[in-house]
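See structure below.
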Number of protein chains: 2
Amino acid sequence: MVHREAHARRPSIHDVANSAGVSAATVSKVLQGVATVKPENVQRVFDAVELLGYRVDPLASDLRRAKRRIIGAIVPEFESEFFGSMITQLERLAEQRGYALVAASSRESEAREKEILARMHDWRVSGVVLAPVRNEHGPAAGFMKKNGMTGVLIDRVLADDAFDTVSADSVSASAAVARELVERGHRHILVLGLGEQAATVRARLESFRERALQLAPDTRVDVILSESDVEPLRSSLRDYFAKGERPTAVYSLFLRGTLVALSEFRRRGWHCPNDISLVGFDDAEWMQVTWPAIAAVVQPVRQIAIEAMDVLFRRIGGEGGPPMARLEPCKVLMRESVGSPGSGPHSGGGKRQ
Amino acid sequence: MVHREAHARRPSIHDVANSAGVSAATVSKVLQGVATVKPENVQRVFDAVELLGYRVDPLASDLRRAKRRIIGAIVPEFESEFFGSMITQLERLAEQRGYALVAASSRESEAREKEILARMHDWRVSGVVLAPVRNEHGPAAGFMKKNGMTGVLIDRVLADDAFDTVSADSVSASAAVARELVERGHRHILVLGLGEQAATVRARLESFRERALQLAPDTRVDVILSESDVEPLRSSLRDYFAKGERPTAVYSLFLRGTLVALSEFRRRGWHCPNDISLVGFDDAEWMQVTWPAIAAVVQPVRQIAIEAMDVLFRRIGGEGGPPMARLEPCKVLMRESVGSPGSGPHSGGGKRQ
DNA sequence: ATGAAAGCGCTAACAG
DNA sequence: CTGTTAGCGCTTTCAT
C-alpha cells in the first residue's frame, strides 16, 4: 500500500507507462480494451494502475477524441419535485450510457437559459435535454439550431420543426379532468394558468373547455391567466372571488397555481371539497397526506426522461429522420379535494373568521 | 453576418489568430485581458472573434492551466425543496466566481456517493460541496481526505477534523421547538427521526429532550427512530398509536417524517391541532397553504450555501488554518398545526369514519 | 505487438 | 509588444 502525499500530482498515463515498463500508447490500449496487447503486458499495466491508483482524466481523454461524453440538462428550476426527479432520472440514464450529466437551472429566465446553453456549447456537450422556460420557440432553441447542437426539448413544448420533443400528454389529461368534473355535476369551473408557456397552456385549456362543453353544453368555464409571474395570478384570483364569483371547482394548470388556489381558499375559509373542488396539474408527495388530499394530474416523469434520452442518444448516434413529437400519458388522481357541488354542509358561502 | 454550416467544426483559437493576422498566443493574451498588447491588434482580435463567433473552450483552457474552474456539488437527492434550492444557490455562487457547478445526486446511497466523488476527482474539480448521506465519517469524506481534495461538508454534519462544515443549527432549533411545545402545555411528546444520520439526529433529539425536561421535568418524550428507511418508521408509528399511546404533540426531525406523521393522523382521523399538534424540521412551500398550516423549522438554505462557498473558495485560494464548523440559525415557524393539549373539541379520541 | 510522433485547444515561459 | 516553443493528459495513426 502506497501512501501518497495528500497534494501530490495525480498520476498520469505516463507514470503508469513508466511503472509498467511500457509506453503510454500501450497503457491507453489496455485501458480501452484493445485486444492486441500481450497478456503479460496487460497484467503489468493493470498492476501499475492498481499500484498508483491511476484513473484516466475523462476531460483530457475527450479532448483528444474530439467528443465529450457529457450530456447537458437545463430545467427552469431545481426546487420542484417534478424537475428534481426529472434530473435524477436523466442523470441515471446518462450514466448508464457512460456519459456524465451536467445539470443547470435557467431560473425561469429565457436570457439565462440561452447563456447556459452557450456554456454547454462551450463545453462541447454531446447533447442537451432542454426544458424551456417558455416554449420550443425561445432563444435557447434558436441558439441550438443555429449552432447545430443536438438536443431534445421536453415538458413545456408541443412539436418542433428542428428538435425532437417529449412531454406529458396534458391535453388528454385535461380532457379527462373535464370529464371527471362535469360528471360530478360541476357546471361552473375556473381554470388557472400561467400564460407564458403559451401554446401548452392554451392547448390544455382548450382541451378542457372543449370536453366540458361537449359533455354539458351549459358548463361555464372561467379562465384566469397570468402572463409571467404567480403573484398577478394571486391578485386576479382574489379579485375574481371578491366580485362574488363562485365556481364550484377549480382546475389549476400548474403546480404553483394549485398552491395559490389553496391559499386563497384558506383566506376565505373555504374547505375542499365541501365549499369548492380542486384539481391541480402536477402531483406532489404532500398532496396525498393533507386533509383533504389534493386531486392531481400525475406526469410520467420517468417515462418522459426515458424517451427523451432514448431519442437523444439515437440522434447523437447519427440517426436521421424528421423530428418526432412524443406525448406520454398522464394519470389523473381524483382525491378528496374533488366532490359534487352543493353537497357540502356550508356550500352557501364563506365562513371566514 | 456569416452563416456557418450547422455541423462545421467550431473555430479554434488558431482560426481566430489566422483571421486576425496574429499568433494564437496573442489572441490568448487579448482574451485574458493582458494589457501588453497593441491596441490595434486587440481590435483585430476582437473583430475576428466576433466574425467567427469564437468562444474559448473552457475545458481545454483548464487542461493547460492544470486547474479546472469547476465546483462539484453532491446531495442525497434532487427531489426535495431543500436540496433543490441548495443547488440553485450553490450554482449561483459558483458562477459568480467564474466557476461552473456540476451537481450530482447520491440518491441516499453511500456507495454511490463515493463513486460520484471519485468521478469528481477524475474531473479534477477545484472543490466539492458535499452533503453526505449519513455524516462526516462516511466513505466519501474518507476518500476526499485520502486524495487531498478540497471540500466543505454541509447539512448532515457536525464538526470534522479535516473539512470545514456548515449546517443549520438544528440543535438550537430543536430546543426552541421544545420550549414552544412545553409552554403550550404539552407534556407527552413524540419525536420522530431517521437514525442513519446518527450524530445530527441524536444531537437534535438530545437538545429537544434536555430543554423540554428543563422547562417541565414531568414531560414525557417518546422517540421513534428508524435506521435507514422511512417505511419502518411508518409501521413503528402505526404500532405505537395502536398500542394506545396518545402524545399530545409530535416533532418530526426530518421532512418525510412529517409526511408520515400527517398520513398516520389521516388514517386515524386525527386533526391538527385539536387532536394532536405537529411540528416538522424542514419547511416546504405547501405547508403554509394547507389547512391547518404546518409548523416547521426553516433551515437557512441561502446562508448555508453562502458560507459553504465562501470557506470553500478561501481554501481553494490556499488559505490554511484548522477546519471550522459553522452553524447557521434556523427560524421556527409555529403555524396552526400546533395548539394546546386538551383544548380541542374532540381531544378524547379518534373519530375515524 | 509496440512505441514514436502528432495533435485535440489552449496558455505560459521565454526570446526576440 | 509579439511569436515561437513546449506541453497539460490523453488517443491514434503509422511505422517498426
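We name chains A, B, ... by the order of the sequence lines, and we start the count at 1 in each one.
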**Study point:** A/H14 vs A/K29, nearer the 5' end of DNA chain D by closest nucleotide
**Key:** A/H14

Review point. Quick one: B/R124 CZ to D/dC10 C1', roughly how many Å, whole number?
Key: 10 Å

Study note, to complete from the structure: Here the gap from A/S85 atom OG to A/E91 atom CD, rounded to the nearest 0.5 Å, amounts to 12.5 Å

Check your understanding: In whole Å, what is the span from the CZ atom of B/R64 to the C1' atom of D/dG9?
Key -> 12 Å

Review point. Counting side-chain heavy atoms from CB outward, which of C/dC8, C/dT11, D/dC10 is closest to A/Y54?
Key: D/dC10

Study note, to complete from the structure: Residue pair B/A66/B/V22 against DNA chain D: nearer the 5' end by closest nucleotide is B/V22

Point to revise | For atom CD1 of B/I13 and atom C1' of D/dT2, their distance in whole Å | key: 14 Å

Exercise for review: Might you confirm whether atom CD of B/E50 has over 12 heavy atoms from other residues, nucleotides or ligands at distances under 6.0 Å?
Suggested key: no

Check your understanding: Counting any heavy atom closer than 4.0 Å, what does B/R68 reach on the DNA or RNA strands: base, sugar-phosphate only, or nothing?
Key -> nothing

Review point. Given D/dG3, is OP1 or OP2 found less than 4.0 Å from the side-chain N or O atoms of B/S23?
Key: yes

**Study point:** Presence of A/S61 side-chain N/O under 4.0 Å of D/dT11 phosphate oxygens OP1/OP2
**Key:** yes

Review point. Expressed in angstrom and rounded to an integer, what is the separation of B/R65 atom CZ from D/dG7 atom C1'?
Key: 16 Å

Check your understanding: Is a side-chain donor-acceptor pair under 3.5 Å present for B/T26 with B/S23?
Key -> yes

Check your understanding: NA contact type, A/A25, heavy-atom cut-off 4.0 Å: base, sugar-phosphate, or nothing?
Key -> base

Exercise for review: Would you indicate which nucleotide in D/dT12, D/dG3, C/dT11 comes nearest to any side-chain atom of A/Q32?
Suggested key: D/dT12

Check your understanding: Looking only at side-chain N and O atoms, does A/T26 come under 4.0 Å of OP1 or OP2 in C/dG3?
Key -> yes

Check your understanding: Rounded to the nearest Å, what distance is computed from the CG atom of residue B/L52 to the C1' atom of nucleotide C/dG9?
Key -> 15 Å

**Study point:** Whole-Å gap separating C1' (C/dG9) and CZ (B/R9)
**Key:** 10 Å

Exercise for review: Nearest whole angstrom, please: distance from the C1' of D/dG9 to the CG of B/D62.
Suggested key: 14 Å

Point to revise | Presence of B/S12 side-chain N/O under 4.0 Å of C/dG9 phosphate oxygens OP1/OP2 | key: no

Practice item. To the nearest Å, give me how far apart CG (B/D122) and C1' (D/dC10) are. Key: 13 Å

Review point. Should the ring pair A/F78 and B/F78 be called parallel, tilted or perpendicular, given that the plane angle runs from 0 to 90° and is split at 30 and 60?
Key: parallel

Exercise for review: Using distance alone, with no hydrogens and no angle criterion, decide if A/S167 and A/E328 have a side-chain donor and acceptor under 3.5 Å apart.
Suggested key: no

